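When a residue number appears, it is its place in the shown sequence, counting from 1. These numbers were taken from a predicted model, which means no experiment stands behind them.
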Amino acid sequence: MIPRRALGGRRLRPPRTRAETTAALVALLFLSLIVHRLLGLLAGLGAYAWLLVLGVPPAAACWWLVAAPGRVRRRAGRVPGVLRLSLQHVDALSPGQFELAIRDLMERDGIAARHVGSRGDQAADVIGRDRNGRVFVAQCKHTAIGGRVGSRVMYEVKGTAGPVHGADVAVVVTNGGFTRDARAWGERHGIHCVDRDRLREWAEGRRTLAALLGVRDAGSGHR
């Protein structure tokens, strides 16, 4: 499900009270008067004005249909406590957008996160701190469906997550999978793996990152 904010704000709803109904009718009346006055002005401007009126809205609608999907993907929906992403949405992101989506999911879970991924990021794309003061360091690997993260990534994260970034929790997140050696090495050295199946649970809002990794939830006393 695409987040409401990524679609441009709250959804419209019908009036629920008498006051809201009255306000809506007054607004409709003013709008009708404005449209009537505008049509009167256009009547004196000739055919070119009517061409402008009739041609611009369809052209704008076509532009919106073409451009809107790209805008939705770029924003990736920053709505703490509400953000939900499907794997189809995640797969359509670019690697950079995937990193931003992981940041937003961490923020949704109460982790104050920032995007640090760039050239020379030293194996960290997102760094966050929860309300308990723990530092989460995430390395994000957006792959083609069926792609797998190898052991080399795990080595790099182990070498920098704690010594360079001060991580209490180090995690590698991918929309693909992990090789058997990478997963086994991560388990031995305390690097958490979030593969496609676990990412689905997290992105769809069924579990927080802390619950997914088996660590205490931010600000709570429960595992």
Within the 4.5 Å heavy-atom criterion, are [X] and [Y] side-chain neighbours or not?
X	Y	answer
His189	Tyr155	no
Leu105	Leu83	yes
Val137	Val169	no
Gln139	Val171	no
Pro95	Lys141	no
Arg134	Ile111	no
Val173	Leu199	yes
Phe136	Asp168	no

Ignoring hydrogens and angles, tell me if any N or O in the side chain of [X] forms a donor-acceptor pair with the backbone of [Y] under 3.5 Å.
X	Y	value
Arg198	Cys193	yes
Asn175	Thr143	yes
His142	Leu93	yes

### Query
Which of these, Leu212, Thr174, Ile102, Val172, sits in a side-chain contact (heavy atoms from CB on, under 4.5 Å) with Val194?
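The residue from Leu212, Thr174, Ile102, Val172 that satisfies side-chain contact (heavy atoms from CB on, under 4.5 Å) with Val194 turns out to be Leu212.
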### Query
Which residues satisfy the ring pair (Phe, Tyr, Trp, His ring centres under 6.0 Å) test with Phe178, sequence neighbours excluded?
none
### Query
Do Glu156 and Arg152 sit within salt-bridge range, that is, some charged N less than 4.0 Å from a carboxylate O?
yes
### Task
Indicate the atoms forming the closest heavy-atom contact of Ala170 with Ala161, along with that distance.
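So the two residues come closest at CB-CB, 3.7 Å.
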### Query
Which pair of heavy atoms, one from Ala138 and one from Met106, lies closest together, and at what distance?
CB-SD, 4.5 Å
### Query
How many angstroms lie between CH2 in Trp202 and CZ in Arg108, if you round to the nearest 0.5 Å?
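Answer rounded to 0.5 Å: 7.5 Å.
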#### Entry: Worked check of salt bridge (charged side-chain N to carboxylate O under 4.0 Å, His left out) between Arg84 and Glu204
CA-CA 5 Å; Arg84 304 287 187 272; Glu204 292 180 352; over 6 Å; no
